[in-house]
Every structure is written in C-alpha cells, then in structure tokens.
Amino acid sequence: MAEHEPVTSPDQHKPGHPRAARFGAAVTVLLILGMLVGNHKGRVEDIWLIATAGVLVLALVGDWVLRRNGLR
C-alpha cells in the first residue's frame, strides 16, 4: 500500500485553514472583551480576561507581521 502514496515534503502538510483561524481568534477576542460586562465585583476576573485577549491580539499581530514579511 505505501508504494502507491505520493512522496510529499513536510511543508506540504500545513494544518487547516489559517484564514478561518485568524477570523476565529478575532471573534474570540471580541467575545472575551464582552465578558467584562457582568455582575462580578472583583477585578481579578477583568485582569485575566484582558490579559487573555491581549495574548490573542499579540498572536494575531505577530502572524500579520510574519505574513507581511513573507516569513510564513
């Protein structure tokens, strides 16, 4: 069976749909920031929500820079 499969290089096995992943990350950031509105009294939750959204935004910006420079 293995003799009938095409020979491919590792870069041809890229995962999934990157455009959909970027869109999903942007929607997730908006949903996380929407969770800031609520009935919680402490600010610890707000800090975690903002930090999580910030990490996702940094990942999106890093991906954008890499794609713009042709490194991805």
Side-chain angles (χ1 to χ4, degrees):
M1 269 307 177
E3 65 215 24
H4 297 292
E5 293 189 22
V7 177
T8 58
S9 64
D11 64 338
Q12 291 176 333
H13 299 287
K14 293 183 181 175
H17 305 282
R19 187 173 182 190
R22 288 189 294 271
F23 178 75
V27 169
T28 302
V29 167
L30 293 176
L31 290 172
I32 288 174
L33 292 177
M35 289 182 202
L36 289 173
V37 179
N39 60 355
H40 53 277
K41 295 179 182 176
R43 293 291 171 213
V44 175
E45 296 92 351
D46 292 344
I47 293 170
W48 276 102
L49 290 170
I50 291 170
T52 304
V55 167
L56 281 173
V57 168
L58 284 176
L60 286 171
V61 169
D63 180 59
W64 177 74
V65 169
L66 287 176
R67 283 184 298 114
R68 187 172 149 233
N69 293 332
L71 296 175
R72 200 167 222 196

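Here the structure is a predicted model, which is why all the values come from computation and not from measurement.
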For the student: nearest non-hydrogen atoms of L56 and A25, plus distance: CD1-O, 4.4 Å
For R19, all residues meeting side-chain hydrogen bond (donor to acceptor under 3.5 Å, both in side chains), sequence neighbours excluded: none
Non-hydrogen side-chain atoms of I50 and L36 separated by less than 4.5 Å: yes
Qualifying residues under salt bridge (charged side-chain N to carboxylate O under 4.0 Å, His left out), relative to R68, sequence neighbours excluded: none
Path from V57 to I32 over hydrophobic side-chain contacts below 4.5 Å: yes
Gap between atom CG of D63 and atom CG of L58 - 0.5 Å precision: 12.5 Å
Closest non-hydrogen atom pair between L60 and R22, with its separation: CD2-O, 3.8 Å
Fellow cluster residues of L31, listed by chain then number, with links counted only when side-chain atoms sit under 4.5 Å apart: F23, V27
V29 reachable from M35 in the ILVMFWY side-chain graph, under 4.5 Å edges: yes
